[in-house]
Amino acid sequence: MPSTAPGFRQLEMFVYLADVPEEFGPAHLVLRKHTADLPAVPDRYLRAGLESRSRFHDGSGSPHLYGAQVSAAGPAGTVVAFEIGTVHRGTAMTAPRGARYTMHLNFRPPGVQWGQHRGWAYSAGQRDWFKFVERATPRQLQAFGFPPPGHPYWTPETLARMALRYPGLDLTPWRQPG
């Protein structure tokens, strides 16, 4: 769950090692002014015609998002910087023999040790992951990078988003004062 609380915000970056014109499939991003009120679920917005049975996928075509997206095409050396909760997507590579060479970097405050580990954040939409999270203890979840109960990360906002994402998870330990 990305947090908007001071001290927990993170910065993502794509650094282009070679030119990434539109035909090489650059990222497209949607400015936060268009997405500030989106709920935590769904977290994937599919183009019209793509079907999914996951509650995390919006299959409406999301014209309001696709219409507001901005291309991040650019020359080698371009740095595309965005906050972790920014709606973004890859686009189709249409150039024959096209290639996109990038580095993906993340800056986070030192107290956000769980930020952008290859772990629960990347598994968040998987059915098996939901089953695990909804049965796990707070200590077990800490092993995967969840902040412990009582940590200042757990604001009313992040707890509400967790409840939406994992409706079977008993959030009582996180709601109790530390």
Side-chain angles (χ1 to χ4, degrees), residues 1-15 27-46 52-60 62 64-65 68-70 72 79-90 102-178:
M1 301 286 117
S3 175
T4 57
F8 298 110
R9 296 170 83 172
Q10 298 174 57
L11 178 67
E12 296 288 316
M13 290 182 286
F14 301 134
V15 179
H28 283 191
L29 300 95
V30 180
L31 299 175
R32 297 294 296 263
K33 70 181 184 179
H34 300 292
T35 63
D37 295 327
L38 290 177
V41 174
D43 66 359
R44 303 276 193 286
Y45 299 91
L46 308 177
S52 173
R53 291 190 171 91
S54 171
R55 68 186 186 96
F56 289 95
H57 297 170
D58 175 340
S60 71
S62 309
H64 64 292
L65 295 177
Q69 69 187 355
V70 176
V79 177
V80 181
F82 56 97
E83 200 171 7
I84 197 167
T86 302
V87 173
H88 63 286
R89 70 178 183 94
T102 66
M103 286 191 302
H104 185 190
L105 306 171
N106 172 272
F107 283 100
R108 58 179 171 73
V112 183
Q113 64 273 18
W114 63 87
Q116 279 312 90
H117 283 276
R118 178 115 180 124
W120 66 279
Y122 286 97
S123 301
Q126 304 298 317
R127 185 170 314 205
D128 289 341
W129 179 249
F130 285 99
K131 289 181 197 175
F132 168 74
V133 169
E134 291 181 346
R135 291 188 319 253
T137 66
R139 185 174 167 100
Q140 289 169 326
L141 292 173
Q142 278 181 256
F144 289 90
F146 279 67
H151 192 282
Y153 178 82
W154 297 112
T155 65
E157 176 191 31
T158 54
L159 287 167
R161 290 179 175 194
M162 283 292 285
L164 186 58
R165 183 172 290 269
Y166 303 107
L169 176 62
D170 178 8
L171 290 170
T172 303
W174 290 275
R175 287 195 171 108
Q176 296 172 351

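Positions are given from 1 along the sequence.
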Margin query: Give me the atom names and distance for the closest heavy-atom approach of Pro149 to Pro173.
Written below: CB-O, 3.1 Å
Checklist line | Heavy-atom closest pair, residues Pro147 and Gln142 | finding: C-CG, 4.5 Å
Check: Is the number of heavy atoms from other residues, nucleotides or ligands under 6.0 Å of Arg139 CZ greater than 12?
Finding: no
Note to self: Restricting to non-hydrogen atoms, name the atom on His28 and the atom on Ala72 that form the minimum distance, rounded to 0.1 Å.
What the structure shows: CD2-N, 4.3 Å
Notebook entry, point to check: Taking C-beta and beyond as the side chain, do His88 and Phe82 meet within less than 4.5 Å on heavy atoms?
Noted result: yes
Notebook entry, point to check: Does Met103 reach the side chain of Phe14, with side-chain heavy atoms less than 4.5 Å apart?
Noted result: no
Next item on the list: Might you point out which heavy atoms bring Leu11 and Ala81 nearest each other, and give the distance in Å?
Entry: CD1-CB, 3.9 Å
Note to self: Using 0.5 Å steps for rounding, measure from the NE2 atom of His151 to the OG1 atom of Thr158.
What the structure shows: 10.5 Å
Next item on the list: Report yes or no: do Trp129 and Tyr166 form a side-chain donor-acceptor pair below 3.5 Å?
Entry: yes
Note to self: To the closest 0.5 Å, what do you measure between CG (Leu105) and CD (Glu12)?
What the structure shows: 9.0 Å
Next item on the list: Look at the rings of Phe146 and Trp154 and say which category their plane angle falls in: under 30° parallel, 30 to 60° tilted, over 60° perpendicular.
Entry: parallel
Check: With side chains defined as the heavy atoms from C-beta onward, is the minimum distance between Phe130 and Leu169 less than 4.5 Å?
Finding: no
Checklist line | Arg135 CZ to Leu141 CG distance, which is reported to the nearest 0.5 Å | finding: 11.0 Å
Note to self: As an exercise, state the distance from OG1 of Thr137 to CG of Asp170, rounded to the nearest 0.5 Å.
What the structure shows: 11.5 Å
